[in-house]
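The structure under discussion appears below in the form of structure tokens.
Keep in mind it's a predicted model, so treat the numbers as computed, not measured. Lettering follows sequence order; numbering is per chain, from 1.
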Number of protein chains: 2
Amino acid sequence: MRIGELARRAGVSPRALRYYEQRGLIRSRRSANGYREYDESDVRIVTEIRELMSVGFTLDDARPFVDCLRSGHSSGGSCPESVAVYRRKLAEIDRQIRDLLARRSEVAAQFADACPGCLLTRRGES
Amino acid sequence: MRIGELARRAGVSPRALRYYEQRGLIRSRRSANGYREYDESDVRIVTEIRELMSVGFTLDDARPFVDCLRSGHSSGGSCPESVAVYRRKLAEIDRQIRDLLARRSEVAAQFADACPGCLLTRRGES
DNA sequence: CTTGACCTTGTCACCGGCGTCAAGCTTTAC
DNA sequence: GTAAAGCTTGACGCCGGTGACAAGGTCAAG
């Protein structure tokens, strides 16, 4: 299939696919007229990339998963390198959560300091 | 004082100060030779900006605080507009925390799905 | 033959907060 | 007198993941 069909099937723009190729995540055969040619395995790969990006992974983060799929594994996350990325991302998210919690209390403290009484009424807005 | 001294006293680069001016956060008198001239109130303003940025405020977020200081208040956070920004930022942080928590469980779910057993050993890395 | 849908490469734009360099002035220190 | 430090404006670069546009090649349907 050509780029437009792959894009439709994977739910991305052709522009994004060319970018992924430029970044070395997907490859393409070229037909005689220069058009990119893809097959089913590319659909799988792009789908995997999108799934990872939807939970905050970068393209570089996704690379080990793509390699894992290419090396024949049915799941992109079952290779040691992918597992390492999973662990790293989880740790990263945990760190971000901690940072945000710390930041929240700093903001609340500054707020209370600058405007005593303002904070007494509402909290969290959840 | 000139830009270098203000920069040193406020703990920022001269480049940052020119940027703040370009964004309309600080103003400068010019001496005869074209050099920017500042006084103590500018030290106070830049310090306020830095304090806000250190807890994740953008320059636009800081603007009401600067205006508040300029209008004679001893604290930049005591004006209604600043209070509104405080509340907005707290709500924003709360939202980000919720998003990250949701993301964390999505990543953990994908991880568990892709590599059953991998997640059993450690969690959180805290 | 022509229209229109699809493809190609290449480039600029975005967002935030500057860093960094260029090219030229002024002031300060010795 | 001169070199170093400090000042000026202007402009490009960064980071991530595209969107949007330009200027063209290709191919199927009418």
Side-chain angles (χ1 to χ4, degrees), chain A residues 1-39 42 45-66 85 88-89 92-93 96 99 103, chain B residues 1-39 42 45-66 85 88-89 92-93 96 99 103:
Chain A
M1 79 197 74
R2 295 180 308 191
I3 199 170
E5 189 181 343
L6 175 57
R8 245 172 288 117
R9 292 187 53 188
V12 303
S13 65
R15 175 72 181 85
L17 293 176
R18 294 193 195 98
Y19 182 62
Y20 297 165
E21 178 173 325
Q22 188 190 336
R23 295 288 303 271
L25 286 152
I26 57 178
R27 299 166 198 157
S28 57
R29 279 70 59 198
R30 296 300 181 114
S31 46
N33 54 20
Y35 287 11
R36 290 174 175 82
E37 272 300 326
Y38 302 98
D39 59 28
D42 295 308
I45 288 175
V46 176
T47 303
E48 178 94 5
I49 293 174
R50 289 270 103 186
E51 211 163 327
L52 292 168
M53 292 188 69
S54 77
V55 294
F57 283 47
T58 68
L59 288 180
D60 283 341
D61 291 331
R63 190 159 288 139
F65 292 78
V66 173
V85 173
R88 187 165 52 71
K89 292 307 270 190
E92 196 175 307
I93 292 173
Q96 288 173 0
D99 288 352
R103 202 147 93 179
Chain B
M1 77 196 76
R2 295 181 307 191
I3 199 168
E5 189 181 344
L6 174 57
R8 244 172 289 117
R9 292 187 51 186
V12 303
S13 65
R15 176 69 181 90
L17 293 176
R18 294 191 196 100
Y19 181 63
Y20 297 165
E21 178 173 325
Q22 186 191 338
R23 295 289 303 272
L25 285 154
I26 58 178
R27 299 167 197 156
S28 57
R29 279 71 59 199
R30 298 299 182 112
S31 47
N33 54 17
Y35 286 11
R36 290 173 175 81
E37 271 300 325
Y38 302 97
D39 58 28
D42 295 308
I45 288 175
V46 176
T47 303
E48 178 93 6
I49 293 173
R50 287 271 104 186
E51 211 164 327
L52 292 168
M53 292 188 69
S54 77
V55 294
F57 283 46
T58 67
L59 288 180
D60 282 342
D61 291 331
R63 191 160 289 137
F65 293 77
V66 173
V85 173
R88 187 166 53 71
K89 292 307 272 189
E92 196 176 307
I93 291 173
Q96 288 173 358
D99 289 351
R103 202 149 93 180

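When distances are taken from the side chain of B:R30 to each of C:dT8, D:dT18, D:dT8, the shortest belongs to D:dT8. Side-chain proximity of B:R36 to D:dT9, C:dT8, D:dC27: nearest is D:dT9. In this structure, the nucleotide among C:dG16, D:dT18, D:dG25 sitting nearest to the side chain of A:Y35 is D:dG25. Counting only heavy atoms from C-beta on, A:R2 has its side chain closest to C:dC7 among C:dG17, D:dT26, C:dC7. Out of D:dC7, C:dG17, D:dT18, the shortest distance to the side chain of B:I3 is found at D:dC7.
A donor-acceptor distance shorter than 3.5 angstrom exists from the side chain of B:S13 to the backbone of B:A16, with no hydrogens or angles considered. In this structure a side-chain-to-backbone donor-acceptor pair under 3.5 Å is missing from A:D99 to A:Q96.
For the OP1/OP2 pair of C:dC18 and a distance below 4.0 Å, the side-chain nitrogens and oxygens of B:S13 include no atom meeting the criterion.
The existence of a salt bridge linking A:R27 and A:D42 is excluded, since no basic side-chain nitrogen approaches an acidic carboxylate oxygen closer than 4.0 Å.
Within 4.0 Å of B:R50, counting heavy atoms only, lie sugar-phosphate atoms of the nucleic acid but no base atom.
Rounded to whole Å, atom C1' of C:dT28 lies 13 Å from atom CG of B:N33. We find that CD of A:E21 is positioned 13 Å from C1' of C:dC7, with the value rounded to whole Å. If you measure from atom CD of B:E5 to atom C1' of C:dT28, you get 15 Å, rounded to the nearest angstrom. Atoms CZ (A:R18) and P (D:dT18) sit 13 Å apart, rounded to a whole Å. The CD atom of B:Q22 sits 14 Å away from the C1' atom of D:dT8 (whole-angstrom rounding). Taking atom CD1 of A:I49 as the reference point, atom P of D:dG17 lies 11 Å away to the nearest angstrom. Put simply, CG on B:D61 is 16 Å from P on C:dC15, counting in whole angstrom units. Separating the CD atom of A:E37 from the P atom of C:dT8 is a distance of 10 Å, rounded to the nearest angstrom.
To the nearest 0.5 Å, the span separating CZ on A:R9 from OH on A:Y38 amounts to 13.5 Å.
For the pair B:R36 and B:R2, the minimum side-chain heavy-atom distance is 4.5 Å or more.
B:R15 contributes a side-chain N or O that forms a donor-acceptor pair with the base of C:dT20 under 3.5 Å.
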